[in-house]
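See below for the structure under consideration.
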Amino acid sequence: MPILEIAAKFGTYAVMAVILIFALGVVTFRNLFHCALCLAAALIGTAVIYVVLQAEYLAAIQILLYVGAVVTLIIFAIMLTEHLAGKTARQNNSQSLLAIVGLLGFVTLLATLILKTPWPVTPTALQAKNSVMGLGKALMGTYVFPFEVISIILIAALIGTVVIAKKDAPEEPL
Amino acid sequence: MNAIESLKYFIPELVLLGGAFVALTLDFFLKQKKLVGEFALLVIVVALCLAKAPEKPLPLFFGFFHLDALAHFFRYLALAAVGITILISLGYTPLKKRYEGEFYSLFLFMAFALILVAAANNLLMIFLAIEFISLLSYLLVGFLKNDPKSKEAAIKYLLFGSVCSGVMLYGMSLLYGAAGSIELSVIGDTLFFAPFKPLAITAALFFFVGLGFKISMAPFHMWAPDVYEGAPTPVTAFLTVAPKALGFAVLTRVLDSVFWNSQSVWSPVLVILSILTMTIGNITAVSQSNIKRFLAYSSIAQAGYILMGLAVFSILGRGAVLIYLLVYLLTNLGAFTVVLFVGGQTQSDSLDAYAGLSERSPTAAAMLTIFLLSLAGLPPLAGFIGKYYVFAAAIEGKFITLTIFAAINSVIAAYYYFRIIRLMYLTPATGPAFPAPSRSLTVALWALFLGVLALGIFPGFFITRILG
């Protein structure tokens, strides 16, 4: 058993390291297409972490939504936009060094805080139902209001986006 | 309260939503797009009439829509702001070439979103509602997409906004992880004690970033001038008042339920932010040459004065915030209505267009003078009442440094407001007289003008109503 546990732990850390490497790729590669692929890989890695934490449904949604929809959309956009595909772009500028220093400070601060805090693990949190049925009941029961609000947000945003993207209205006949 | 029982208290919001969809449908059939705008106005008025003050706080929809006196006050404020914005947009020509009908229905959605913010009492609803407002704001700012400035403003707003939302969401996730609940009251009770304190303070600061962005608090105000300058003028008028007022609504709620126990930590932070915001806003406003940018910086400074009321953590301070927000809403919308009128006549937002305005349009010049004097806080106008209350709250709480800084800032502000008044009255006119403003603009102007006067002359009537 201990060997299995150690292996699982080691595997999880390995996955995390891979996610980090791909995430770095997203912000350093010069070719936009490569960045998008790295993003997909990083998102799949996150889904793996969800599986390890026994949130299978969340993992499935993560792959379906982010990898399946969002990244595909990004890749389509890159390929359909003529002057983007195949072009390279610099991802750093004169302030990059300053940003990295600030970021390191920020990460150190967060890491200390997260390690120092005794995160409460309550029995209710451990028994929380993250099954599809439990989620469905919650969305149609207690959480029905935020759920409906999200659909309104989406429709309003969609209408607005279409208006922005469309050509000008034709001149009205006099 | 469960969803079905809640519906009967939710009628004004349902009217708004239904109205938004009907407006979109009407847009198909009506050639005269102005009628869609008039329909939208009607919807707002109906919602205003149907909104009833709750007798006791009602946790509608299992507590996700917390309808209490504060939410009710901001509901009126939101509807008034959206109503006036639609009214002044009716005569806005650049809109004619774009999709005018959709513009009005997006504003109805916006009214709904603003009310959601006012009634949000947990992290989930706060985030959803703030994102709703932000998304609609980005879209409305970029509505005139053939105008390069409008496009630039929308992109800048989107980028700044997304980063701030991300930081805010991260802070929220830390708060939730440590407290195990999204309810503000539970978070306030659990955190800010021994082992959680450092984490809670950091997480709350992140949360603050998102809210600070909405109210254009320094140092998160960088987006404001560019966005306000580039956006279509009615949208600018709206953005300077409504999202800001609702940002303050959330801030009031958060400070009340989460930070009240640890005010010794937060009070100095807020005092510093307040001083910083008003000073940066005022000093930069002095050197502006575009009226929209000028009013943008002035509105940053005004946010600093409103923060004073929150920094003192007292009942009087909270009341002062509400009064100031109402005053500011009327005054700033009024000033922008004149800007919209002059901009429509001269096709320019530069300050030079205001030279000799008193000869070209005496009414517009007189109105703008009144609004600017009210922004400067001179009696007997509404602005004086607002300033009086925040100063009183600061002095009552013995925040002497804050009061001194605010007083110095008021003097600087008076200087640049008077500069515009001088420009309008003492410089010779450069062009012919303007025709009279359109009917909708006239109605909006007079309503706001009378509001500013009434609040200044009979403050007691309004204040007893606001403070209950």
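Heavy atoms only: backbone and side chains are in, while hydrogens, waters and symmetry mates are out. Everything numeric in this text was worked out from a predicted model, so none of it was measured.
Taking the ring centroids of B/Phe64 and A/Tyr143, they lie under the 6.0 Å cut-off. Between A/Phe106 and B/Phe206, a ring centre-to-centre spacing shorter than 6.0 Å is recorded.
Counting heavy-atom pairs closer than 4.5 Å to chain A, the top-ranked of the candidates B/Leu60, B/Leu140, B/Leu128 is B/Leu128. The choice from B/Phe62, B/Tyr138, B/Phe112, B/Phe109 that makes the most heavy-atom pairs within less than 4.5 Å of chain A is B/Phe62. Considering only heavy-atom pairs separated by less than 4.5 Å from chain B, the leading option among A/Ile114, A/Leu109, A/Ile159, A/Val144 is A/Ile159. The greatest number of non-hydrogen atom pairs below 4.5 Å with chain B, out of A/Leu154, A/Ile155, A/Thr142, A/Thr117, is found for A/Thr142.
The contact between A/Ile164 and chain B is made by backbone and side chain atoms together, counting heavy-atom distances below 4.5 Å. Using a 4.5 Å cut-off between heavy atoms, B/Phe103 makes no contact with chain A at all. Interface residue B/Leu199: backbone and side-chain heavy atoms are both found under 4.5 Å from chain A. Residue contact with chain A, scored on non-hydrogen atoms closer than 4.5 Å, involves the side chain of B/Leu116 exclusively. For B/Ala3, the part sitting under 4.5 Å from any heavy atom of chain A is the side chain, from C-beta outward, and nothing else. Only the side chain of B/Leu135 comes within contact range of chain A, with at least one heavy atom under 4.5 Å from a heavy atom of that chain. Contacts between B/Tyr170 and chain A at a heavy-atom distance below 4.5 Å involve the side chain alone, from C-beta outward. Proximity to chain A (any heavy atom under 4.5 Å) is shown, for B/Leu174, by both the backbone and the side chain. Both the backbone and the side chain of A/Val163 come within contact range of chain B, each with at least one heavy atom under 4.5 Å from a heavy atom of that chain. For a residue to count as touching a neighbouring chain, one of its non-hydrogen atoms must lie under 4.5 Å from one of that chain's; by this rule B/Leu17 touches chain A with the side chain only.
Using cut-offs of 30° and 60° for the angle between ring planes, the B/Phe61 and A/Phe145 rings count as parallel.
When all heavy atoms are compared, the tightest approach of B/Leu106 to A/Gly160 is CD1-CA, 4.0 Å. Contact record, B/Leu139 with A/Ala156: CD1-O, 4.4 Å, taken as the closest heavy-atom pair.
We find the CG-CD1 distance between B/Leu124 and A/Ile150 to be 7.0 Å, quoted to the nearest 0.5 Å.
Other residues, nucleotides and ligands contribute more than 12 heavy atoms inside 6.0 Å of the CG atom of A/Leu104.
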